[in-house]
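Working notes, beginning with the structure itself.
Keep in mind that what you see is a predicted model, and the values were worked out from it rather than measured. Chain letters run A, B, ... following the sequence lines, proteins first and then strands; every chain starts at 1.
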Amino acid sequence: MSPTSKKSEPRDKAGTVAPSAVKVKSGLPEVQAGDKRARYYVGTLPSCPVQNVTVGGISFPRFRGNPTFDDRGRPDRELDFGIFIDLAEAEVSFVQKAVSTRVLRLLGKEPEPGKDDPERTPSRRRAAIYPIDGKNYHHREGDQPLGRFLYMHRVDAMTAEQMQSFPPEAMEEE
Amino acid sequence: MAGPIILSGSTLAAGIRDDFDITYRPTFDGVIDSLKDAMQIDVPQTVRTQPFGMHETMPYPELWNEGEEGIPTEGTGSKSFNVTAYTYAKRVQWLKKDREDNQVGDLRGKAQALGQHFASLDSRIFFELLTNSASLLPAIPNAPDGAALYSTTDGASAARFGVSSGNLLTGTGVASSATIETDFFTAIEQMGQFQDTKGQPYWNPAVDQERYVVYFGIGNLQKFTQAFKGVLIHSVQATTGAGVSNVVLASGVQVTLRPTSRITDNDWFVFRADSALKPTFSTLRIPLTAAEATEGNSDAARNTGVEYVQWRVRKGYGVNVPFGTVKVNN
């Protein structure tokens with residue numbers, strides 16, 4: 001019997017391992033077999049009161065991996081922010097359009113100053129995301145474009161400096 | 001004694017009646033029951049930060065030409081993650097003289113209702129896990145695969161569960177019951193194609209796949225009720241004018257609807273109710289306990305005339321590998 005270490009790689013003789021992704025109807029635009037995909041770095045900025053946002057069929061997470069947090073929100077290890085995802089051009093356009101039609105509304109009261117470290121931990125401020133064309137949405141003062149809180153960068157267009165620095169620029173154009 | 005107290009001024013007048021005293025008392029009957037298909041409640045936790053571990057899928061048999069050297073051999077991986085228990089607590093205090101003069105029920109007994117409100121904790125945090133708004137947790141935990149509860153990819157940027165969009169589905173909106181019905185079947189078809197870590201279908205067809213729970217914003221109640229409970233969905237065929245039958249009802253798939261005001265947008269969530277694996281869980285480190293301060297046991301109460309009751313529980317919350325749920329993102 002082969003060893004079962006944490007990283008043991010099963011052999012692929014029968015071709016049953018290393019699952020290849022099944023394509024499902026996702027609501028995302030159709031991507032043809034020849035369409036090239038590029039790798040994107042996506043996530044929510046520390047200023048985003050919603051830790052993980054799903055919009056346009058993809059997830060914008062605050063961090064990846066499995067850190068734990070103490071009562072004050074301090075993680076037990078360095079956080080790996082955001083996630084990498086391969087997207088075709090049509091999917092990128094779809095996501096961008098979806099983000100541009102969402103707003104974020106802050107709920108509840110302001111957090112106490114100094115209670116959270118915005119660079120390291122998610123804000124405890126509650127918020128809701130609304131599609132501006134949704135039947136339950138009525139504009140309120142203070143609603144902010146969702147793109148202000150998300151980032152989405154094509155990895156091969158990022159400089160080494162950009163790769164090293166955090167947080168990256170928001171999706172919203174100035 | 002510092003801190004706010006129960007203001008009893010409106011309940012002290014002689015002859016006042018308490019017929020409407022239940023007005024501000026929400027009920028929590030059935031709260032835990034309503035979560036049981038989506039959250040495993042009170043998994044025992046024995047230390048502050050509890051490690052949990054799991055093996056990935058064990059290998060499947062292969063064809064072996066016996067006599068050839070080397071029986072097919074294969075290993076597998078494992079995953080571990082930690083859950084930290086947090087303390088949830090609250091105190092309510094009142095003036096002793098207010099308790100003595102109170103005309104509306106028993107003030108001390110009323111304060112004990114705070115304990116009942118702890119029944120809402122699992123429910124409130126469950127919806128924080130769904131909506132990613134962390135007010136009762138320092139951060140929303142990721143699943144053991146390193147990605148958020150709903151994600152197209154896992155933490156290593158591979159298609160989650162071997163499906164191109166993971167457990168996230170871009171819906172077609174909630175404007176009509178027909179789109180909801182279509183998205184529901186797309187969601188369960190997507191879930192049905194999830195693969196284990198050896199590339200085999202995760203869901204065994206022998207398992208009953210006929211029961212689902214759907215959580216959605218109560219603002220969309222009418223359309224969801226039409227989509228899942230209506231004999232005819234609210235659309236007609238353009239050519240004949242005939243009503244279109246409800247495929248959910250016709251198929252025999254059982255769907256329990258859980259509308260909630262805690263979901264404020266058009267996203268909705270499908271959970272497999274028959275799965276032993278629940279996508280979310282709570283742990284229990286220290287059960288709920290109460291402490292009461294009165295003149296009989298507290299210097300502070302004797303010094304100030306302020307009495308109180310406080311409750312405390314220590315619990316943790318986490319996300320398991322979410323094979324059993326798909327989010328419809330609108």
Side-chain angles (χ1 to χ4, degrees), chain A residues 1-11 13-14 16-28 49-59 61-66 68-76 83-86 108 121-122 124-131 134-136, chain B residues 49 59-60 62-63 72-78 81-84 86-87 131-135 138-142 144 146-153 155 157 159 162-166 168-172 175 186 189-190 193 195 197-200 217 219-220 264-267 327 329-330:
Chain A
M1 191 169 170
S2 70
T4 55
S5 70
K6 280 187 178 177
K7 295 288 183 189
S8 72
E9 288 295 327
R11 73 181 203 170
K13 185 180 172 186
T16 55
V17 277
S20 55
V22 172
K23 195 165 178 298
V24 295
K25 289 182 285 181
S26 67
L28 287 169
V50 182
Q51 185 179 309
N52 309 312
V53 171
T54 54
V55 61
I58 67 168
S59 175
R62 179 68 46 84
F63 58 84
R64 59 188 185 276
N66 300 108
T68 54
F69 296 81
D70 68 12
D71 308 32
R72 303 293 302 274
R74 291 174 294 224
D76 63 351
I83 204 162
F84 296 94
I85 182 170
D86 297 329
T121 63
R124 295 187 190 194
R125 187 89 188 264
R126 289 176 57 238
I129 294 166
Y130 294 93
K135 83 176 175 77
N136 295 320
Chain B
T49 295
Y60 289 87
E62 290 178 33
L63 179 66
T73 304
E74 186 177 322
T76 196
S78 60
F81 60 101
N82 297 321
V83 176
T84 298
Y86 302 108
T87 304
T131 59
N132 289 295
S133 196
S135 65
I140 302 292
N142 279 345
L149 171 56
Y150 295 102
S151 181
T152 53
T153 57
S157 297
V163 165
S164 57
S165 53
L168 197 53
L169 168 68
T170 299
T172 50
T186 306
E189 287 165 8
Q190 184 170 327
Q193 295 182 74
Q195 300 174 21
T197 59
K198 297 298 183 193
Q200 297 292 323
N220 294 317
T264 54
D265 56 17
N266 292 332
D267 292 348
K327 174 178 182 174
N329 183 207
N330 285 307

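With B:Asn329 contributing its side chain and A:Thr54 its backbone, the two residues share a donor-acceptor pair below 3.5 Å. Judged by distance alone, with hydrogens and angles left aside, the side-chain atoms of B:Ser151 form no donor-acceptor pair with the main-chain N or O of A:Ser59 at under 3.5 Å. The closest donor-acceptor contact from the side chain of B:Asn142 to the backbone of A:Gly65 lies under 3.5 Å.
Chain A forms more heavy-atom pairs under 4.5 Å with one residue of B:Gly217, B:Gly155, B:Ala175, B:Ser157 than with any other, namely B:Ser157. In terms of heavy-atom pairs under 4.5 angstrom with chain A, the leader among B:Asn82, B:Thr87, B:Thr49 is B:Asn82.
What you find for B:Thr170 and A:Gly57 is that their closest heavy atoms are OG1-CA, 2.6 Å. Of all heavy-atom pairs spanning B:Thr153 and A:Ile83, the tightest one is OG1-CD1, 3.6 Å.
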- [ ] Just do the side-chain contact (heavy atoms from CB on, under 4.5 Å) check on A:Tyr130 and B:Thr264 with the steps written out, would you?
- [x] CA-CA 8 Å; A:Tyr130 294 93; B:Thr264 54; 3.8 Å; yes

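Between B:Ile140 atom CD1 and A:Phe69 atom CZ the span is 10.0 Å, to the nearest 0.5 Å. Summarising the geometry, atom OG belonging to B:Ser133 is positioned 9.0 Å from atom CD1 belonging to A:Ile129; distances are rounded to the nearest 0.5 Å. Here the straight-line distance linking atom CG of B:Leu168 with atom CD1 of A:Ile58 works out to 9.0 Å at 0.5 Å rounding.
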